[in-house]
Amino acid sequence: MSIKRIDVGARMSGAVIHGNTVYLAGQVGEGASVTDQCKSALAEVDRLLAAAGTNKSKILQTLIYLADISDFAEMNAAWEAWVDPANTPARATSEAKLAAPKYKVEFIVIAALD
C-alpha cells in the first residue's frame with residue numbers, strides 16, 4: 001500500500017494516509033481559553049480531514065490531552081458542539097503536560113477515508 005503525506009514538514013506531517021486510514025498529528029489551537037483552543041484545533045482537524053478526502057463523520061478514534069483535567073467539562077462542551085452526533089468516535093481523554101505552557105488541549109485523530 002502506498003503512503004501519502006499531507007503538510008509535510010521537517011519534523012512531522014500534518015496527516016498521513018495509509019490504505020483507507022488517515023492519521024492526524026496532534027492538533028493544538030490558539031486562544032486564551034480551552035473553548036477557544038478547542039475551536040481552533042478542531043477547525044484544523046476539519047481542514048486536514050478535508051485535505052485527505054474525508055470528514056469528521058468518518059473519525060474512528062480521538063485521543064484528547066488536557067494540560068489540566070479540571071478543564072474536562074469545558075472541553076466536552078466544545079467537543080459536543082463540533083462532533084457529528086450521529087457518528088461519535090471511540091475517544092479517550094487524559095491529563096498530560098503539552099508541548100508548550102500556552103497549550104491547554106491537544107487532539108489526535110484517526111479517521112477512515114470516504
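Note that these values count all heavy atoms, side chains included, but never hydrogens, waters or copies made by symmetry.
- At least one side-chain heavy atom of K56 sits under 4.5 Å from a side-chain heavy atom of D46.
- Between S40 and E30 the shortest side-chain heavy-atom distance falls below 4.5 Å.
- Within the 4.5 Å cutoff, no side-chain heavy atoms of V16 are placed close to those of I6.
- Side-chain atoms of S33 come within 3.5 Å of backbone N or O of D36 as a donor-acceptor pair.
- When the side chain to side chain contact (heavy atoms under 4.5 Å, CB included) test is applied to A67, the partners found at least two apart in sequence or on another chain are L98.
- For the pair T54 (side chain) and A112 (backbone), a donor-acceptor distance under 3.5 Å is present.
- Residues satisfying the side chain to side chain contact (heavy atoms under 4.5 Å, CB included) test with S57, not counting sequence neighbours, are N55, D84, N87.
- Partners of T88 according to the side chain to side chain contact (heavy atoms under 4.5 Å, CB included) rule, which considers only residues two or more places apart in sequence or in another chain, are V83.
- With sequence neighbours excluded, the residues that form a salt bridge (charged side-chain N to carboxylate O under 4.0 Å, His left out) with E44 are R47.
- Looking at heavy atoms from C-beta onward, M75 lies in side-chain contact with T93 at the 4.5 angstrom threshold.
- Listed by chain and number, the residues in a side chain to side chain contact (heavy atoms under 4.5 Å, CB included) with Q37 are Y103, K104, V105 (sequence neighbours excluded).
- For the pair Q27 (side chain) and V45 (backbone), a donor-acceptor distance under 3.5 Å is absent.
- Applying the ring pair (Phe, Tyr, Trp, His ring centres under 6.0 Å) rule to pairs touching residues 46-79 yields W79-W82, sequence neighbours excluded.
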